[in-house]
Amino acid sequence: MSASTEVTERHRLSIGLTVRHCMTLTGRNLLHLKAHPGTLIGFAVVQPLMVIALLVYVFGGAISGSTEDYLQYALPGLIVQMTVFSVLAFGTGLNEDIANGVFDRLRSLPIARIAPLVGHLVGNTLQIVAGMVMLLLVGMAQGFDIRTGLLATIGALALATVFATGLAWLSMLVGLVAKTATTVHLFSGVLMFPLTFGSNVFVKTDTMPGWLATWADVNPISHVTSALRGLMTEGSVGTSVWWTLGWTVAMTAVFAPLAIQAYRRRV
């Protein structure tokens, strides 16, 4: 075997081990749910029921005159809202793990240095996917009608997941540079309200004042919500899918290198 071949084999082994380490730590992240089943029940069952009960049945009649019609309009947006809220919590969990010494203990093991960060990202993303599916199922049980077919709906959830991974890099960056989890939580709260409420998640943008409608029309949350509505109920997505993918690429390109650099400095 030549020297170049040996280098190639070592490189392949390194990539394979890195992937395996990342998946192992993804499993570790998911095992938290087994140790704390109340978290899973609250996130996957109680939260979807509360979201639909409070936002659809309390405000739906006043907004659209019919809770059934409002559920049809709002549920794709509620899936996006739940996704954004959950993603912005990534940073808090990451900050707490680092502060509690979890990452220090992992670093002492013979594993890829990036594996804890990737395991955190993938594990939490899988939990978000489970939450989206449960919210959709609860909505369907309440009368939400998917009018475009199974494949389009799977595409909608996949698109929301892809968008979540892009936004997750921002959340993790904040979690890595902030001194305390409280700071991360406050930042997330300040960020999530203009993103979700200043969008078309709950109402159409043409009902808003001009200055707010301008912001809502360029808001990435509006784009992903419009994409999900088109893929689930309307059958027409326009340019919203491309805008969503563009925002995802932009957030990943900007925040992923910064988050990885901050991670290397922090741990």
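All residue numbers in this chain count up from 1 along the given sequence. These figures come from a predicted structure and were not determined experimentally.
- Sorted by first and then second residue, the pairs that involve residues 139-156 and meet salt bridge (charged side-chain N to carboxylate O under 4.0 Å, His left out), not counting sequence neighbours, are D145-R147.
- For F59, there are no ring pair (Phe, Tyr, Trp, His ring centres under 6.0 Å) partners, not counting sequence neighbours.
- Partners of A168 by side chain to side chain contact (heavy atoms under 4.5 Å, CB included), not counting sequence neighbours, listed by chain and number: V87, F90, L121.
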Test log, rule side-chain contact (heavy atoms from CB on, under 4.5 Å), inputs F163 and I221: CA-CA 9 Å; F163 178 79; I221 305 303; 3.8 Å; yes
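- In this view, Y73 satisfies the ring pair (Phe, Tyr, Trp, His ring centres under 6.0 Å) rule with no residue, not counting sequence neighbours.
- Atom-to-atom distance recorded for I98:CD1 and L176:CG is 4.5 Å, nearest 0.5 angstrom.
- Taking 4.5 Å as the limit, every side-chain heavy atom of F255 sits out of range of all side-chain heavy atoms of M172.
- At a threshold of 4.5 Å between side-chain heavy atoms, the hydrophobic network of Ile, Leu, Val, Met, Phe, Trp and Tyr places L167 and L186 in two separate groups.
- Remark: T92 engages E96, A181, V184, H185 in a side chain to side chain contact (heavy atoms under 4.5 Å, CB included) (not counting sequence neighbours).
- Pairing each heavy atom of G143 with each of Q72, the nearest pair is O-OE1, 4.2 Å.
- Pairs passing the side-chain hydrogen bond (donor to acceptor under 3.5 Å, both in side chains) check and including a residue from residues 154-182, sequence neighbours excluded, read T180-T183.
- Taking CZ of R105 as the start and CG of D97 as the end, the distance is 9.0 Å to the nearest 0.5 Å.
- Scanning both residues, M82 and G131, for their nearest heavy atoms gives CE-C, 3.3 Å.
- No side-chain heavy atom of Y263 sits under 4.5 Å from any side-chain heavy atom of L94.
- Under the 4.5 Å side-chain criterion, counting only non-hydrogen atoms from C-beta, L75 is in contact with L135.
- In plain terms, the two heavy atoms of L173 and A262 that are nearest each other are CD1-CB, 4.1 Å.
- Rounded to the nearest 0.5 Å, atoms OG1 (T244) and CG (L228) are 8.0 Å apart.
- Closest of all the heavy-atom pairs between V218 and W247 is O-CZ2, 3.5 Å.
- Looking at F202 and L78, their side chains come closer than 4.5 Å, going by heavy atoms from C-beta outward.
- Within the 4.5 Å cutoff, the side chain of T83 has heavy atoms near those of the M132 side chain.
- Side-chain contact between L170 and V254 is absent, with no heavy atoms from C-beta onward closer than 4.5 Å.
- Under the rule for a side chain to side chain contact (heavy atoms under 4.5 Å, CB included), the partners of A115 that lie at least two apart in sequence or sit in another chain are H21, C22, L25, A112.
- Expressed to the nearest 0.5 Å, how far CE of M208 lies from OG of S199 amounts to 6.5 Å.
- Residue pairs meeting the side-chain hydrogen bond (donor to acceptor under 3.5 Å, both in side chains) criterion with at least one partner in residues 54-67, sequence neighbours excluded, are Y57-Q142, S66-E68.
- V224 and V249 end up in different hydrophobic clusters when Ile, Leu, Val, Met, Phe, Trp and Tyr side chains are linked at under 4.5 Å.
- The shortest heavy-atom contact between T252 and G166 is OG1-CA, 3.5 Å.
- With sequence neighbours excluded, the residues forming a side chain to side chain contact (heavy atoms under 4.5 Å, CB included) with T153 are L136, I146, T148, M232, listed by chain and number.
- Through chains of ILVMFWY side-chain contacts below 4.5 Å, L150 is grouped with I154.
- Residue pairs meeting the side-chain hydrogen bond (donor to acceptor under 3.5 Å, both in side chains) criterion with at least one partner in residues 206-225, sequence neighbours excluded, are T205-D217.
- Across L231 and A152, no two heavy atoms sit closer than the pair O-CB, 3.2 Å.
- Partners of N200 according to the side-chain hydrogen bond (donor to acceptor under 3.5 Å, both in side chains) rule, which considers only residues two or more places apart in sequence or in another chain, are S226.
- A continuous path of hydrophobic side-chain contacts links F193 to L191 [ILVMFWY only; heavy atoms under 4.5 Å].
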